[in-house]
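Accompanying notes for the structure given below.
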Amino acid sequence: MIDPGLNTEQRLAVETVEGPLLVLAGAGSGKTRVIVHRIAHLLAIGQPPSSILAMTFTNKAAAEMRERVARLAGTRIAEKLTVSTFHSFGVRIIQENAKHFGLNRRFAIFDVQDQLAIVRRTLGQISLGNQSFDQKRLLAMISKAKNAGLDPAAFMARAKEDDPYDIILCELYPRYQRALKAMGAVDFDDLILLPLMLLKSNEEIRAAYSARYRNVMVDEYQDTSKVQVRFLELLVGSDGNVCAVGDDDQSIYAWRGADVENILRFERSFPGASEIRLTQNYRSTSNILTSANAVIARNAARRGKDLWTAGDRGEPVRVVTCQSDDDEAVWVVDELERLVAEERLSRNDFAVLFRTNGQARPFEEVLRSRGIEHRIVGGTRFFDRKEVRDAVAYLRVCANPMDEVSLSRIVNYPPRGIGDTTLERLREHASSLQTNLLGAMRRVESISGCERSAGAVLELMDLLDRYRSAFQRRAELASTTRRLFEDVDLFEAARSSVKSASAGASRAANVEALVASIAAFESRESRPSLGQYLTRISLDDREENEESTDKGKVTLLTLHAAKGLEFPVVFLAGMEEGLLPHDGMQGEAQNLPEERRLAYVGITRAMRRLYLTRALVRRRRGRARETIASRFIEDLPKECIQHIDGDAPQTISEEVEIEAGRDFFAQMRSRLGA
């Protein structure tokens with residue numbers, strides 16, 4: 001039975017289950033609810049759960065979708081659905097067809113740091129003359145090529161003969177791919193590119209997958225790349241049922257391969273498609289929505305739609321002008337404290353959004369000076385911390401002995417007397433015999449110049465062999481991991497890696513947290529394996545929004561990290577030319593349509609109150625510079641906004657002063673108690 005609470009357009013999107021369908025879902029229009037009820041409706045009309053594939057872009061979103069379907073259709077049925085991210089689905093296809101790619105089912109998924117290690121090593125094998133190249137830029141170019149569906153040969157055919165980076169990439173890209181294959185690994189982009197190549201080249205396999213998944217749904221379709229859409233076209237076929245849900249006005253990830261043209265030209269990929277628009281917003285006030293509509297309306301290439309609400313008009317959008325960026329931060333925190341005291345709002349009701357990470361500094365300083373707890377979304381992630389990466393490297397070598405990047409990381413960590421000279425001789429030996437690093441290490445006693453380190457190398461080999469066997473026996477993962485870390489003294493190595501005792505304890509605690517993470521994974525899975533865990537963390541840690549919902553903390557985050565979130569009160573800072581819209585990265589032209597979409601996303605995060613703040617003078621790149629108001633402010637309807645002089649004295653009410661006093665004495669009591 002379809003939920004009677006769905007509005008007319010939502011209900012139509014749920015009931016339209018034949019042929020291609022594009023659901024244009026504006027911000028706050030209940031798109032996840034539509035997808036969940038659509039899946040439940042497909043099940044209710046007799047579609048087998050195994051025929052339904054729902055894909056989105058984060059594991060958090062996929063888990064939420066599965067949980068909501070389970071509440072409607074039951075847990076047993078929900079478990080038979082395929083609900084995953086694009087990349088998790090790619091992992092499944094590669095594992096099911098590993099032999100076609102020359103891979104073991106337990107292949108490794110390399111992250112950015114591992115990829116950069118390959119780029120550095122490969123560049124050392126290429127004659128560069130006197131030229132130097134930005135390794136991160138080269139890696140970004142490889143990623144961009146893969147997102148466009150270009151393998152090394154296809155890239156070479158399109159390379160510009162007068163571009164030094166294109167020329168060097170023609171050498172680097174194929175060597176990079178060979179290095180990945182030699183280590184039994186893939187990178188994140190391969191998780192889509194390899195399945196695409198398989199479906200293109202093998203008609204039998206393509207037909208089997210198309211027959212298996214007769215009902216395909218894609219969330220956040222505006223974030224798809226060219227290669228993801230081409231993969232969908234092959235998977236769905238000419239007569240399949242595909243429902244894409246998305247909003248071209250929220251396409252803000254061009255820098256990582258997303259192509260807004262995919263949603264603008266949906267009918268080219270899936271001829272005969274129907275279209276349904278969800279425009280009723282259930283999040284924001286009318287003034288906020290009218291302002292958002294006015295900003296985005298100036299983008300020419302879009303599928304026009306205006307958000308509306310049945311709710312009230314709400315308060316005006318405040319446009320605040322301050323003298324400097326420091327003054328901007330002070331004004332925002334003053335206003336935040338006023339609202340907390342006078343309206344009894346919680347501090348986790350507030351978000352400060354900005355275009356670049358560098359804008360966070362003055363806000364952090366003011367919040368810290370006043371003892372106001374806050375969190376920064378997008379800081380160093382758990383699995384990016386050195387001590388955690390070191391620990392994970394041990395696990396990855398146990399799971400995949402060919403992973404030379406991880407093996408190189410742990411070979412002398414903690415220190416065991418295997419120096420760089422020994423490692424280089426081992427590499428040279430491996431290269432001369434066309435074997436891998438592990439193979440050379442097993443022959444260390446016969447390699448000239450490695451005599452002094454041979455005992456330490458063989459001792460490491462013995463340790464890794466013992467734990468590899470233990471993990472393959474599917475012994476208890478967490479307890480086996482703890483024994484491994486204790487055997488190599490990893491806890492103490494993390495603790496002694498810094499001078500500060502408290503920092504050392506924190507690093508050791510992070511290694512302990514990794515063991516706890518494995519224990520939690522083990523408790524959730526029916527047949528857990530080390531390979532499954534490593535695959536899970538590789539996918540979970542890539543491009544996920546911060547999941548923490550710390551109570552009582554103000555949230556600071558970039559506009560890119562804010563997508564999908566909502567807050568009762570939003571301060572959108574830095575509304576100036578050069579910041580929003582941003583003037584473009586070095587060497588890249590300004591992408592004004594995407595900057596306008598970023599502003600739209602920022603505005604539509606606000607539920608009840610929205611403040612747009614700017615500074616007349618802002619310090620950028622170490623210099624104080626006069627600014628110009630963002631053109632997006634000029635787009636706002638005058639009847640929806642209120643201009644505020646941020647330099648005018650703010651009236652501090654008695655409630656604010658009392659609340660500030662309470663905070664002060666609470667902090668003092670806490671410090672004295674500590």
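This chain uses plain numbering: 1 for the first residue, then up along the sequence.
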- Message: Could you tell me if the side chain of Arg68 sits less than 4.5 Å from the side chain of Thr32, heavy atoms only?
- Response: yes
- Thr224 and Asn262: side chain donor to acceptor below 3.5 Å: yes
- Check whether any side-chain heavy atom of Leu572 sits under 4.5 Å from a side-chain heavy atom of Thr613, and report yes or no. no
- Message: Between Lys226 and Glu261 (salt bridge meaning N to carboxylate O under 4.0 Å), is one present in this structure?
- Response: no
- Message: Can you confirm whether more than 12 heavy atoms, excluding those of Lys136, are under 6.0 Å from its NZ atom?
- Response: no
- Heavy-atom distance under 4.5 Å between the side chains of Gln115 and Asp111, does that happen here? no
- Task: For the residue pair Ile276 and Leu22, establish whether any side-chain heavy-atom pair is separated by less than 4.5 Å.
- Result: no
- Message: Using a strict threshold of under 4.0 Å (side-chain N to carboxylate O), is an ion pair present between Arg303 and Asp249?
- Response: no
- Item | Donor-acceptor side-chain pairing of Glu220 and Thr56 below 3.5 angstrom | no
- Item | Mutual orientation of the aromatic rings belonging to Phe266 and Tyr221 [parallel < 30°, tilted 30-60°, perpendicular > 60°] | perpendicular
- Task: Could you tell me whether Arg619 and Asp326 make a salt bridge, using a distance below 4.0 angstrom between a side-chain N and a carboxylate O?
- Result: no
- Query: Looking at side-chain heavy atoms only, is the closest gap between Arg347 and Thr555 below 4.5 Å?
  - Reply: no
- Message: Parallel, tilted or perpendicular: which one describes the rings of Phe354 and Phe363, with boundaries at 30° and 60°?
- Response: parallel
- Item | From CZ (Arg536) to OG (Ser88), nearest 0.5 Å | 7.5 Å
- Could you tell me the separation between the CG atom of Leu138 and the CG atom of Asp166, rounded to the nearest 0.5 Å? 10.0 Å
- Electrostatic pair Arg389:Asp114 at N-O distance under 4.0 angstrom: yes
- Query: Does Arg597 make a cation-pi contact with Tyr600 (under 6.0 Å, within 45 degrees of the axis)?
  - Reply: no
- Message: Checking Leu559 against Ile252 for the side chain to side chain contact (heavy atoms under 4.5 Å, CB included) test, could you report, in this order, the C-alpha distance in whole Å, the side-chain angles of both residues, the deciding distance, and whether it holds?
- Response: CA-CA 9 Å; Leu559 288 165; Ile252 59 173; 5.9 Å; no
- Task: Please tell me if the side chains of Arg370 and Val330 come closer than 4.5 Å, counting only heavy atoms from C-beta onward.
- Result: yes
- Message: Tell me whether Glu626 is salt-bridged to Arg618, with the criterion being a basic N under 4.0 Å from an acidic carboxylate O.
- Response: no
- Taking the six-membered ring for Trp and the full ring for Phe, Tyr or His, determine whether the centres of Phe57 and Phe86 are under 6.0 Å apart. yes
- Query: Any idea how Tyr253 and His560 line up, ring-wise: parallel (<30°), tilted (30 to 60°), or perpendicular (>60°)?
  - Reply: tilted
- Query: Should Val617 and Gln323 count as side-chain neighbours, where that means a heavy-atom distance under 4.5 Å?
  - Reply: yes
- Query: Heavy atoms, side chains only, cut-off 4.5 Å: are Phe567 and Met607 in contact?
  - Reply: no
- Task: Identify whether the distance between the nearest side-chain nitrogen and carboxylate oxygen of Lys31 and Asp219 falls below 4.0 Å.
- Result: yes
- Do the charged groups of Arg609 and Glu343 touch, with an N to O distance under 4.0 Å? yes
- Message: Ring-plane angle category for Phe188 and His87, please: parallel below 30°, perpendicular beyond 60°, tilted otherwise.
- Response: parallel
- Query: Taking it one step at a time, do Thr321 and Ile644 satisfy side chain to side chain contact (heavy atoms under 4.5 Å, CB included)?
  - Reply: CA-CA 6 Å; Thr321 303; Ile644 294 177; over 6 Å; no
- Query: Is the shortest distance from a Lys or Arg side-chain nitrogen in Asp259 or Arg265 to a carboxylate oxygen in the other one below 4.0 Å?
  - Reply: no
- Item | Member of Lys386, Glu387, Arg507 meeting the side chain to side chain donor-acceptor pair (under 3.5 Å) criterion with Ser497 | Arg507
- Do the side chain of Thr627 and the main chain of Ala615 share a donor and acceptor less than 3.5 angstrom apart? yes
- Query: Do NZ/NE/NH1/NH2 and the carboxylate oxygens of Asp187 and Lys146 come within less than 4.0 Å?
  - Reply: yes
- Residue pair Glu335, Val332: steps toward the side chain to side chain contact (heavy atoms under 4.5 Å, CB included) verdict: CA-CA 5 Å; Glu335 180 69 358; Val332 166; 5.9 Å; no
- What are the two closest non-hydrogen atoms of Gln250 and Gly26, and how far apart are they? NE2-C, 4.2 Å
- Task: Answer yes or no: does atom CD of Glu639 have more than 12 heavy-atom neighbours from other residues, nucleotides or ligands under 6.0 Å?
- Result: yes
- Carboxylate-amine/guanidinium contact Arg283 Glu566, below 4.0 Å: yes
- NZ/NE/NH1/NH2 to OD/OE distance under 4.0 Å, Asp635 and Arg631: no
- Please determine if Arg596 forms a cation-pi arrangement with Phe632, meaning its NZ or CZ atom is less than 6.0 Å from the six-membered ring centre and no more than 45° off the ring axis. no
- Message: Looking at Arg277 and Glu275, is there a salt bridge between them, counting it only when a charged N and a carboxylate O are closer than 4.0 Å?
- Response: yes
- Determine, for Arg361 against Glu364, whether the closest basic-nitrogen to carboxylate-oxygen distance falls under 4.0 angstrom. no
